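Take a look at the structure set out below.
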2 protein chains.
Amino acid sequence: MATIRDVAQAAGVSVATVSRALNGYPDVSDETRRRIVELARRLNYRPSAAARTLVTRRSYLIGVCLFHHPSQPALTHPFFQKVIVGFHRLVEAQGYDILLFAHADAQPEGTGAAAGPDPGPAPVPGGGAPPGTQALDRRPDRLAGAGPRPTVPAPPAAPAHGADAPSAAGPPARAPRPGAGGARGPARGGSRGSYLKRCQQHRVDGVVLMGTDPDAPGIRELAGSGLPCMAVDLDLVGPRAGYVMSDNVGGAALAVRHLFSLGHRRIAIINGEFNTRPGRDRFIGYRQELARLGLPYRMEYVTQGDFYFDSGYRAMERLLSLPEPPTAVFATSDLMAMGAIKAAQERGLRIGRDLAVVGFDDIDLAALVHPALTTVAQDMEGLGVAAARALLRLIDDPAAAPPAITLPVRLVVRQSCGAPAASGNPTAPQA
Amino acid sequence: MATIRDVAQAAGVSVATVSRALNGYPDVSDETRRRIVELARRLNYRPSAAARTLVTRRSYLIGVCLFHHPSQPALTHPFFQKVIVGFHRLVEAQGYDILLFAHADAQPEGTGAAAGPDPGPAPVPGGGAPPGTQALDRRPDRLAGAGPRPTVPAPPAAPAHGADAPSAAGPPARAPRPGAGGARGPARGGSRGSYLKRCQQHRVDGVVLMGTDPDAPGIRELAGSGLPCMAVDLDLVGPRAGYVMSDNVGGAALAVRHLFSLGHRRIAIINGEFNTRPGRDRFIGYRQELARLGLPYRMEYVTQGDFYFDSGYRAMERLLSLPEPPTAVFATSDLMAMGAIKAAQERGLRIGRDLAVVGFDDIDLAALVHPALTTVAQDMEGLGVAAARALLRLIDDPAAAPPAITLPVRLVVRQSCGAPAASGNPTAPQA
DNA sequence: GTGAAAGCGCTAACAC
DNA sequence: GTGTTAGCGCTTTCAC
């Protein structure tokens with residue numbers, strides 16, 4: 001792989017000139033520049049991102065942190081995909097690449113060890129795994145596995161590692177040996193440190209967070225670290241941390257009002273997780289609008305899901321077995337709405353006639369399923385784009401105030417609510 | 001941010017010792033190591049990935065290349081998500097991070113300019129955009145936008161850039177000026193070079209490719225480059241390039257045979273794109289099995305989609321308007337199957353009774369929709385894991401033979417085919 | 001068991 | 001306009 005030196009040599013100039021020429025500085029003669037550019041192409045020269053990062057202190061890398069729910073990888077939810085697509089498009093156009101961080105579960109490490117301003121319910125230290133005591137950041141095993149570094153001391157026999165997870169204050173730390181290919185000791189790999197740590201190692205210029213609970217370990221730490229940071233659907237604040245989200249309260253109200261206007265008076269909600277901001281806000285919107293419309297708030301009409309299909313299905317089953325089941329349901333995600341619809345259909349109910357359903361998100365599928373879903377549409381790609389734009393600002397301007405952005409939503413009326421759409425049959429069930 | 005030097009100083013040792021201690025080399029006294037580890041923690045030391053990459057020539061980065069169909073980002077297809085999830089899990093456990101590359105469209109650059117062994121239909125040079133003539137790799141605009149480098153020559157006025165896209169052999173290249181914050185010239189950003197180029201800049205240790213056509217520009221180049229490379233659902237071969245895919249031929253045969261065994265004789269196919277390997281293979285499996293079963297091959301029963309929902313819908317409409325429509329349909333993706341079902345339902349057909357449908361993939365939704373989809377299940381996460389495992393081998397062993405892995409599939413019988421499932425009503429339509 | 005020193009490939013002063 | 005030089009933060013000889 002050719003280096004800048006090779007190009008310089010070939011062109012008969014100094015490396016500085018090559019750097020300048022290739023980076024578009026004006027103080028290079030046209031003739032020289034042309035020669036250099038051409039030579040660089042011919043030599044297949046690729047400026048090393050690592051070298052550049054090292055010297056400029058700018059990696060042009062942005063971390064994307066996705067929380068992987070045990071069963072439901074966030075990457076799998078259409079909402080996040082769309083957001084990522086929007087985000088990616090914008091930052092890539094600005095010359096950034098994306099580093100994908102995702103965590104399979106709550107992070108065992110990074111429990112506020114750093115200077116995070118988190119007075120909240122701090123996880124008890126001394127609890128589970130001893131915090132931050134392993135030799136930092138050893139690449140699990142494979143560092144000296146096959147590459148250079150031929151002088152690996154001991155042959156991979158001798159499993160003398162009585163304490164592979166050394167404790168700082170405890171017995172002498174028996175360090176993991178490099179290149180111990182065979183003895184893949186206890187539970188290495190995985191959990192390679194907090195998001196913050198990984199971000200710092202890579203010197204990412206900024207981070208975007210999604211699908212995670214602000215109280216998940218390592219999150220507040222990240223937000224408090226001063227690293228430019230934008231969260232999606234997560235009210236994260238910090239010195240340089242802001243967020244984007246949809247108008248969830250308003251959206252929920254929209255849904256309820258629509259249902260009301262269709263004649264419904266018994267309106268249930270299938271809500272998302274309460275430890276998420278959208279979960280709380282959509283519930284608030286629901287409840288407020290109920291009050292505004294003079295409708296009673298009924299505990300038994302409030303069910304809880306997790307934004308995914310299955311939970312919608314189960315919630316609907318519960319609602320339908322109520323002595324006085326609702327005539328309309330507001331599901332706070334399309335996936336749950338689809339689950340609810342399935343449950344209702346299996347009981348023989350005709351969606352849009354016997355039961356009205358409104359979702360939230362407007363994922364692609366919403367328009368496609370049968371019956372097509374009435375839903376509160378979020379601009380998902382727009383959220384991604386907004387997050388990207390804000391993050392870029394945060395990166396470029398150290399003094400920029402962390403933004404809290406709310407994007408509007410709109411109601412998309414299709415069939416599942418039974419509204420008089422194209423086919424013009426009002427079908428408003430009894431109140 | 002603390003450097004290794006700070007830690008060394010604090011511990012009163014040399015940087016070499018710190019490096020050794022933190023990297024788990026055995027030739028450090030336990031006492032020293034403990035001190036160092038503790039200090040590193042306290043100082044919040046984070047080894048710089050860039051510095052490490054620079055010296056070790058190993059980035060512990062793996063590139064994931066996704067092709068973004070103009071309308072349908074691959075990231076959006078459930079299949080790829082699952083694959084990525086599996087892939088990610090394994091490589092992360094091995095200490096790698098993932099660099100997400102995705103391209104919005106065919107790549108305008110990298111038209112075989114490098115030494116790719118591609119004797120195929122090479123894109124005509126001198127055609128569209130002049131190849132590789134821009135100053136390589138300028139970070140679009142923003143390099144000197146706000147950061148250091150305060151000595152930016154001209155103030156951001158003077159839009160004297162008559163030729164912002166300089167041509168090598170043409171008129172004198174007017175170089176893009178750094179820091180021209182305001183004058184965000186014509187069509188910069190985006191298309192930052194071929195996948196290979198970006199991989200090389202980041203010195204990724206390996207790449208995984210998915211959702212792309214092997215003949216897309218830059219792909220063969222990548223495969224031919226000698227960079228460890230695994231493709232998913234793509235028969236890519238090269239010195240260090242292999243692939244994983246499901247047994248698509250066998251899976252299609254399975255689907256057809258199942259439909260046949262249910263009594264169907266008029267079996268149509270909604271096929272995926274023919275320029276993909278799964279598109280071809282599933283078609284081959286379909287046709288072969290038809291022959292084996294003694295069924296005629298009918299041109300009008302072959303329709304073409306693109307693996308996404310809409311195309312299934314449209315294909316089904318065509319099939320249903322045939323003089324003698326099929327009684328069964330094999331859709332080569334679940335999304336298309338769902339689209340087909342919708343079209344059929346809208347015509348008043350009862351799925352499983354009037355029309356049997358079998359899909360391919362077994363995405364989560366397949367089990368959830370109503371009626372639940374009978375489908376050929378791929379082990380999507382397994383594909384990701386297999387790709388990861390193979391890639392890691394390719395990386396670790398320069399002499400490793402590039403693998404071509406095929407994973408088995410299985411038929412999952414649910415309701416959409418009308419088979420006597422749980423509810424035991426055989427419903428085999430007329431032949 | 002530890003230290004000194006030489007780079008990895010690049011950018012950014014500063015000279016000229 | 002161009003060259004020289006000094007690092008960025010790390011790993012890795014080679015001494016001792």
Side-chain angles (χ1 to χ4, degrees), chain A residues 1-9 11-33 35-36 40 45-60 136-139 143-144 147-153 175 178 200-203, chain B residues 1-9 11-33 35-36 40 45-60 136-139 143-144 147-153 175 178 200-203:
Chain A
M1 178 107 290
T3 75
I4 198 176
R5 213 194 206 81
D6 300 327
V7 178
Q9 227 142 45
V13 297
S14 72
V15 295
T17 301
V18 175
S19 175
R20 283 189 283 250
L22 262 21
N23 285 321
Y25 281 79
D27 51 356
V28 180
S29 85
D30 286 353
E31 157 57 12
T32 308
R33 183 193 309 275
R35 253 200 1 264
I36 291 176
Y45 169 65
R46 301 284 177 264
S48 153
R52 218 178 228 183
T53 295
L54 196 54
V55 58
T56 60
R57 278 113 188 299
R58 206 94 155 55
S59 64
Y60 277 93
L136 337 189
D137 173 61
R138 264 297 284 110
R139 302 295 193 175
L143 220 201
R149 192 189 292 215
T151 55
V152 175
Q200 289 178 145
Q201 296 199 180
H202 285 285
R203 305 291 189 267
Chain B
M1 175 107 293
T3 75
I4 198 176
R5 213 194 205 83
D6 300 326
V7 179
Q9 226 143 46
V13 296
S14 72
V15 294
T17 300
V18 174
S19 175
R20 282 191 283 250
L22 262 21
N23 284 322
Y25 281 79
D27 51 356
V28 180
S29 84
D30 286 352
E31 158 55 13
T32 308
R33 183 193 310 275
R35 255 204 356 268
I36 292 175
Y45 169 65
R46 301 284 177 263
S48 152
R52 221 179 225 181
T53 295
L54 196 55
V55 57
T56 61
R57 275 107 193 299
R58 204 96 154 57
S59 63
Y60 276 92
L136 336 189
D137 173 63
R138 266 297 284 111
R139 303 294 193 177
L143 219 201
R149 194 189 291 216
T151 54
V152 176
Q200 288 177 146
Q201 294 198 182
H202 285 284
R203 305 291 189 265

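Since we're looking at a predicted model, the values are computed, not measured. Just so we're on the same page: letters track the sequence lines, and every chain starts at 1. Only heavy atoms go into these numbers, but all of them, side chains included; no hydrogens, no water, no symmetry mates.
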Item to check | Integer-rounded Å distance: D/dG9 C1' and B/Q9 CD | outcome: 14 Å
Next on the checklist: Using five pairs at each end of the helix from C/dG1-D/dC16 to C/dC16-D/dG1 to define an axis, what is the angle between those two axes, to 10°?
Outcome noted: 40°
Next on the checklist: Working to the nearest 0.5 angstrom, can you tell me the gap between A/R203 CZ and A/T56 OG1?
Outcome noted: 11.5 Å
Checklist outcome for this item: Of the listed D/dC8, C/dC10, D/dT11, the closest approach to the A/P47 side chain comes from C/dC10
Checklist outcome for this item: For B/V28 and B/R20, the nearest pair of non-hydrogen atoms, with its separation, is CG2-CB, 3.7 Å
Next on the checklist: Rounding to an integer number of Å, can you tell me how far B/Y60 OH sits from D/dC10 P?
Outcome noted: 17 Å
Item to check | Atom pair OG (B/S48) and CG (A/L54), whose distance is rounded to the nearest 0.5 Å | outcome: 5.5 Å
Checklist entry - To the nearest angstrom, how far is B/I4 atom CD1 from D/dC10 atom P? => result 5 Å
Next on the checklist: If you compare every side-chain N and O of A/R52 against the phosphate oxygens of C/dT11 (OP1, OP2), does one of them come in below 4.0 Å?
Outcome noted: yes
Next on the checklist: Restricting to non-hydrogen atoms, name the atom on A/T32 and the atom on A/S29 that form the minimum distance, rounded to 0.1 Å.
Outcome noted: OG1-OG, 2.6 Å
Item to check | For atom CD of B/Q201 and atom P of C/dT11, their distance in whole Å | outcome: 11 Å
Item to check | Heavy-atom pair of closest approach, residues A/I4 and A/Y45 | outcome: N-CE1, 3.3 Å
Next on the checklist: For B/H202 and B/S59: C-alpha separation, side-chain torsions, deciding distance, then whether side chain to side chain contact (heavy atoms under 4.5 Å, CB included) applies.
Outcome noted: CA-CA 8 Å; B/H202 285 284; B/S59 63; over 6 Å; no
Checklist entry - Under 4.5 Å between any side-chain heavy atoms of B/R52 and B/N23, yes or no? => result yes
Checklist entry - Between D/dC10 atom C1' and B/L22 atom CG, what is the distance in whole Å? => result 12 Å
Checklist outcome for this item: Here the distance between atom C1' of D/dG7 and atom CG of A/L54, to the nearest Å, is 9 Å
Next on the checklist: With a cut-off of less than 4.0 Å, is there a side-chain N or O of A/T56 near OP1 or OP2 of C/dT11?
Outcome noted: no
Next on the checklist: Using whole Å, what does the distance between atom C1' of nucleotide C/dC10 and atom CZ of A/R46 come to?
Outcome noted: 16 Å
Checklist entry - What's the spacing between A/E31 CD and A/R33 CZ if we round to 0.5 Å? => result 11.5 Å
Polar atoms only, N or O, under 3.5 Å: list the protein pairs with nucleotides 1-3 of chain D and their distances.
from  : atom 1 : to    : atom 2 : distance (Å)
D/dT2 : OP1    : A/T32 : OG1    : 2.6
D/dT2 : OP2    : A/S29 : N      : 3.0
D/dT2 : OP2    : A/T32 : OG1    : 3.2
D/dG3 : OP2    : A/S14 : N      : 2.7
D/dG3 : OP2    : A/S14 : OG     : 3.1
D/dG3 : OP2    : A/T17 : OG1    : 2.8
D/dG3 : N7     : A/R20 : NH2    : 2.9
D/dG3 : O6     : A/R20 : NH1    : 3.0

Checklist entry - When the distance from CZ of B/R5 to C1' of D/dC8 is rounded to whole Å, what number comes out? => result 10 Å
Checklist outcome for this item: For A/V15 and A/R5 the tightest heavy-atom approach is CG1-CA, 3.8 Å
